[in-house]
Amino acid sequence: MAALKSTMVELPPASASAAPRLRGDYSRAASDYTVQQHWQDYSADEHDIWRTLYTRQLECTARFGAPELLAGLQRLGAEPDRIPDFASVNQRLHAATGWRIVAVPGLIPDEHFYAHLANRAFPVSVWIRERSELDYLVEPDLFHDFFGHVPLLANPVFARFMQAYGAAGPKAAAHGAVPLLARLYWYTVEFGLINTPAGLRAYGAGILSSASETRYSIESPVPNRLHFDLERIMRTAYRIDDFQQTYFVIDSFQELFDKTAPDFMSIYERVRRMDELEADAVLP
Ligand code: HBI
Ligand code: FE
């Protein structure tokens with residue numbers, strides 16, 4: 001279960017001297033937190049860890065993942081045996097939707113993360129997890145970021161949603177609403193479900209980069225599954241270290257784009273006046 005603490009970890013200040021509690025090497029990061037991938041430096045063991053994760057998750061994704069995921073992986077030429085070289089993936093990704101991958105040391109401050117998304121650049125961590133972390137990971141590694149997030153950026157509608165999401169960052173930050181905006185990311189981009197003609201499927205990266213949560217999110221009777229409701233999403237707290245108790249379901253990526261197109265200020269105001277809901281809350 002690869003639960004992610006992606007929004008609860010203190011992020012290092014820009015200065016390289018800080019000893020970040022994160023595991024990436026931030027010492028050579030540029031002012032926008034990007035680094036070089038140095039693809040030739042990956043060891044045979046790191047490529048083998050990629051192969052183990054990729055082979056296992058491909059099966060899961062074929063069965064429980066939205067069809068756009070597999071289509072994206074194929075479109076981007078991802079291979080089972082080697083960690084992707086971001087430069088070669090970027091040629092295909094840019095041709096598909098104008099997006100590209102930027103290499104980062106790991107988690108980066110919200111405002112930089114949003115700025116990259118607004119510029120159609122998705123930050124992907126350059127390090128890959130240890131063998132001992134195959135099932136549980138504290139921070140997003142290369143596998144979570146690439147396998148979970150990048151394939152959908154080849155889908156034009158989802159890519160437009162991601163750019164609009166990033167563009168909403170500065171205004172949210174100016175109004176202290178980043179935690180509310182983060183919930184939208186969490187309950188869609190990380191843990192979203194989608195209805196397809198073949199049945200319910202997962203499209204969230206946090207689900208699809210975890211073998212156990214992928215099956216749970218689709219098959220378990222335990223969690224609540226609600227249709228996408230932006231106000232409810234922004235009211236609902238989430239757990240970062242366990243399977244989700246509530247999943248939100250969309251009928252299409254177009255629906256996700258359309259329902260998040262209006263300006264969020266009025267929703268921020270409304271949600272702020274309501275009490276927060278626990279992740280497992282069930283309303284009448
Ligand atoms: N940084 N590299 C990286 N990857 C993320 O997914 C990420 C991040 N910083 C902040 C963040 N996610 C979340 O707080 C988003 O809600 C902004
Ligand atoms: Fe993620």
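Atoms within each ligand, like the ligands themselves, are counted from 1 in listed order.
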Legend entry - Check: Phe113 N/O within less than 3.5 Å of ligand 1 N/O: no
Inset, instruction - Mark the output for Pro109 as yes if a heavy-atom distance to ligand 1 is under 4.0 Å, and as no if none is. - result: no
Inset, instruction - May I ask you to check if any N/O/S atom from Glu190 comes under 2.8 Å of the Fe ion (ligand 2)? - result: yes
Inset, instruction - Would you check whether Gly106 has a nitrogen or oxygen atom less than 3.5 angstrom from a nitrogen or oxygen atom of ligand 1? - result: yes
Inset, instruction - Check whether any heavy atom of Trp186 sits under 4.0 Å from an atom of ligand 1. - result: no
Inset, instruction - Give the name of the N/O/S atom in His144 that lies closest to the Fe ion (ligand 2). - result: NE2
Legend entry - Residues Arg56, Asp135: salt bridge by 4.0 Å N-O rule: yes
Inset, instruction - If the plane angle is over 60° it's perpendicular, under 30° parallel, otherwise tilted; pick one for Phe113 and Phe122. - result: perpendicular
Listed pairs under 3.5 Å, donor-acceptor, residues 274-284 side chains, sequence neighbours left out:
unit_1, atom_1, unit_2, atom_2, d
Asp275, OD1, Arg235, NH2, 3.0
Glu276, OE2, Arg183, NH2, 2.6

Inset, instruction - Give the atoms of ligand 1, by number and element, whose distance to some non-hydrogen atom of Tyr114 is under 4.0 Å. - result: 17 (C)
Inset, instruction - For Ala182, take its heavy atoms, then give the atoms of ligand 1 lying under 4.0 Å from any of them. - result: 16 (O)
Would you mind writing out the side-chain donor-acceptor pairs for residues 152-160 within the sub-3.5 Å range, not counting sequence neighbours?
unit_1, atom_1, unit_2, atom_2, d
Asn155, OD1, Val157, N, 3.0
Asn155, OD1, Phe158, N, 2.9

Legend entry - Side-chain donor-acceptor contact under 3.5 Å, Ser27 with Asp25: yes
Inset, instruction - Give the ring-plane orientation class for Tyr165 versus Phe161, where under 30° counts as parallel, over 60° as perpendicular and anything between as tilted. - result: tilted
Inset, instruction - Check whether any N or O atom of Asp110, backbone or side chain, sits under 3.5 Å from an N or O atom of ligand 1, and answer yes or no. - result: yes
Inset, instruction - Would you mind naming the N, O or S atom of His149 nearest to the Fe ion (ligand 2)? - result: NE2
Inset, instruction - Give a yes or no on whether Ile83 and Val102 share a hydrophobic cluster (residues Ile, Leu, Val, Met, Phe, Trp, Tyr; joining criterion: side-chain heavy atoms under 4.5 Å apart). - result: no
